[in-house]
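Data block below; observations after.
Quick note: numbers below take in every heavy atom, side chains included, and nothing from hydrogens, waters or symmetry partners.
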Amino acid sequence: MPSPGVPISYREVAVRRVLGQTRLVKIRVRFAPSPTGFLHIGGARTALFNWLYARHTGGTFILRIEDTDAARNSQEAVNVILNGLRWLGLDWDEGPMSGDPAGPSKGDCGPYFQSQRQDNYRRRVEGLLSKGLAYEQEGAVKFKMDRAPIVIPDLVVGDVRRELTDREQVEPDFVIVRSDGQPVFHLVNVVDDLEMGITHVIRGEDHLSNTAKHIALFRALGAEPPRYAHIPLILNIDGTKMSKRDKGASLSTYMDEGYVPAALVNYLCLLGWSPKNNREKMPLAEVVEAFDLPQILRHNARFDLTKLIWLNGEYIRELGDDRCYELSTAALARAGLDVGKYSTDYVKAALETCKGKFKLFGELPAYAGFYFKDEIEFDPEAAQKDFTAENKPRVVKLREALARLEPFEADPIGATLKAVAQELGVKAGVLVHPTRLACCGNTAGPSLYHLLAILGKERAMQRIDRALAQIP
RNA sequence: GACCCUAUCGUCUAGCGGUUAGGACACCGCCCUUUCACGGCGGUUGCACGGGUUCGAGUCCCGUUAGGGUCGCCA
């Protein structure tokens with residue numbers, strides 16, 4: 001028994017639930033992406049909801065790769081999925097351990113690549129054929145679909161009575177094996193869910209209409225369909241659907257732009273689900289505890305990058321020093337700033353002055369880049385405003401005072417600046433602005449006193465002199 | 001074209017017949033302050049429309065409109 005205050009694992013939380021609820025069937029859910037070369041943000045949320053439900057119930061989260069379309073499959077494409085899920089922290093209990101379809105996997109219901117399950121599909125199709133529930137036509141195999149409406153009992157949407165569309169009335173049966181021998185999605189999806197013992201199918205609402213076909217297939221296979229939960233889709237901020245081309249549609253965008261995984265996960269939790277207690281930023285363990293299917297919203301949600309960025313800032317503020325250092329230097333390196341030239345102590349001290357000041361690691365190069373450049377550029381607009389003839393003698397006076405200062409540390413620097421300002425009969429800001437611009441190149445930045453100290457007297461003087469030289 | 005889902009501030013949402021319609025992001029003020037950010041205080045903004053049901057409707061029913069999804073030898 002862990003002592004109070006010591007975090008317990010999700011698994012423990014889940015086990016406790018099960019013991020408390022005496023569940024007879026262990027819940028099994030799956031995320032079944034197709035390796036297309038990128039992981040859609042909506043897919044990431046589907047994976048998250050499945051994972052949450054598994055962890056909440058003490059069930060099993062399965063990863064299955066739907067690589068039936070050999071033409072656009074590759075190990076790299078599978079790795080995009082695996083790495084994306086790992087980055088999000090969504091660990092799977094069963095599924096592949098690498099992008100290699102023939103490689104090792106964990107779990108007793110493998111293979112977890114559809115390309116490795118051809119025999120299973122063939123057997124099932126033969127069964128349907130022999131029972132007269134499917135038939136051959138022009139080399140393809142078609143399934144005899146029910147003509148009557150099918151009721152889909154959905155945990156999120158409620159009972160949905162699905163009638164045939166006009167086209168389906170003309171031809172209700174659909175292909176389950178192509179004439180080239182390849183089984184199609186509806187068939188493989190159902191067979192795998194059946195053979196892997198999936199109890200709950202949690203997937204995007206775009207599959208709701210297709211579910212009638214899946215239910216019919218399950219029945220034809222002599223099995224009870226799983227429980228369904230169709231979750232609403234994620235739309236662009238303008239309400240249009242998110243296509244592959246929309247920026248922000250791919251998980252890799254967030255991985256590359258310096259988001260904190262936990263922040264994105266937190267944000268995703270809040271799209272289409274609500275803890276209903278006005279909580280926004282919440283630890284994953286709390287979400288796991290509260291998450292359940294019936295509370296999932298029924299309407300689509302728009303992806304609000306602004307709010308994600310806010311949340312990301314909240315998470316950055318709480319990041320440990322090491323992790324912060326790691327993400328910071330990675331962001332600086334991406335921007336082409338060579339941090340390696342500087343001592344670790346210097347970099348750490350520099351980054352310390354930026355802590356809590358930005359919401360995205362992508363902002364860091366612009367915010368703190370001046371620490372890692374030999375020569376900086378001055379913001380032209382700010383230079384116009386602050387590098388004035390009137391300010392020149394003031395800055396000169398400050399420069400002289402700072403040049404004499406020893407030790408060159410934040411507190412005495414601040415005291416010196418204030419003293420000079422008082423002597424000149426101006427507010428501190430009058431000196432701060434041009435000096436900041438001279439040393440950072442920007443009007444915004446870390447505490448001037450601290451950044452001067454970190455830059456060191458010599459470099460600070462150089463920068464001030466260079467700025468002074470620009471003033472007429 | 002047919003079928004299905006959906007509809008509360010700009011956005012994410014709370015609300016499950018009686019509320020001054022609450023919170024968060026964003027936005028606008030003020031305070032704090034060496035800039036920015038944070039923080040604090042305050043503010044603007046919403047029940048798509050039309051019919052019902054009811055003493056009473058954001059909440060229930062129907063319709064309209066709008067948005068999204070599906071109807072493939074794609075997944």
So the salt bridge (charged side-chain N to carboxylate O under 4.0 Å, His left out) pairs with at least one residue in residues 403-423 of chain A (sequence neighbours excluded) are A/K397-A/E423, A/E406-A/K457
For B/rA57, the nucleotide meeting Watson-Crick or G-U wobble distances (both under 3.5 Å) is none
Looking at every strand, decide which applies to A/A301 at a 4.0 Å heavy-atom threshold: base, sugar-phosphate, or nothing. sugar-phosphate
Distance check: side-chain N/O of A/H299 vs OP1/OP2 of B/rC12, anything under 4.0 Å? no
Could you give the distance separating B/rG68 and B/rC73 at their P atoms, to the nearest angstrom? 25 Å
B/rC49 -> Watson-Crick or G-U wobble partner, both distances under 3.5 Å, gives B/rG63
Between B/rC3 and B/rU8 - P atom distance, rounded Å
25 Å
Partner of B/rC30 under the Watson-Crick or G-U wobble criteria, both distances under 3.5 Å, comes out as B/rG40
Winner on side-chain proximity to A/V160, out of B/rC3, B/rA75, B/rC5, is B/rC5
Pull out every protein N or O sitting under 3.5 Å from an N or O of nucleotides 57-68 of chain B, one pair per line with the distance.
unit_1: B/rG68; atom_1: O2'; unit_2: A/N300; atom_2: ND2; d: 3.1

Is the Lys NZ or Arg CZ of A/R45 less than 6.0 Å from the centre of A/F49's six-membered ring, within 45° of the axis?
-> yes
field: A/K307 side chain near B/rA26 phosphate (N/O to OP1/OP2, under 4.0 Å)
entry: no
- Task: Could you give the distance separating B/rC61 and B/rG22 at their C1' atoms, to the nearest angstrom?
- Result: 28 Å
The side chain to side chain donor-acceptor pair (under 3.5 Å) partners of A/R279 (sequence neighbours excluded) come to A/E286
Applying the 3.5 Å cut-off to both distances, the Watson-Crick or G-U partner of B/rG1 turns out to be B/rC71
For residues 406-455 of chain A, the ring-ring contact (aromatic ring centres under 6.0 Å, His included) pairs (sequence neighbours left out) are none
The correct set of residues in residues 169-181 of chain A placing a heavy atom under 4.0 Å from RNA chain B is A/V175, A/R178, A/S179
* Should A/D192 and A/R30 count as an ion pair when the cut-off is N to O under 4.0 Å? -> no
Whole-angstrom distance between B/rC32 and B/rA24, as gauged at atom C1'
23 Å
### Message
Taking the P atom in each of B/rC60 and B/rU70, what is the distance between them to the nearest angstrom?
### Response
27 Å
| message | So A/R279, base contact, sugar-phosphate only, or nothing? Heavy-atom distance under 4.0 Å. | response | nothing
Note to self: Taking the cut-offs as 6.0 angstrom to the six-membered ring centre and 45 degrees off its axis, would you call A/K244 and A/F38 a cation-pi pair?
What the structure shows: no
| message | Between B/rC25 and B/rA14, how many Å separate the two C1' atoms, rounded to a whole number? | response | 15 Å
**Item:** N-O pairing of A/R147 and A/D173 below 4.0 Å
**Value:** yes
In 5'-to-3' order, the base (B), backbone-only (S) or no-contact (-) status of each nucleotide in nucleotides 30-43 of chain B, using a 4.0 angstrom heavy-atom cut-off, is ----BBBSS-----
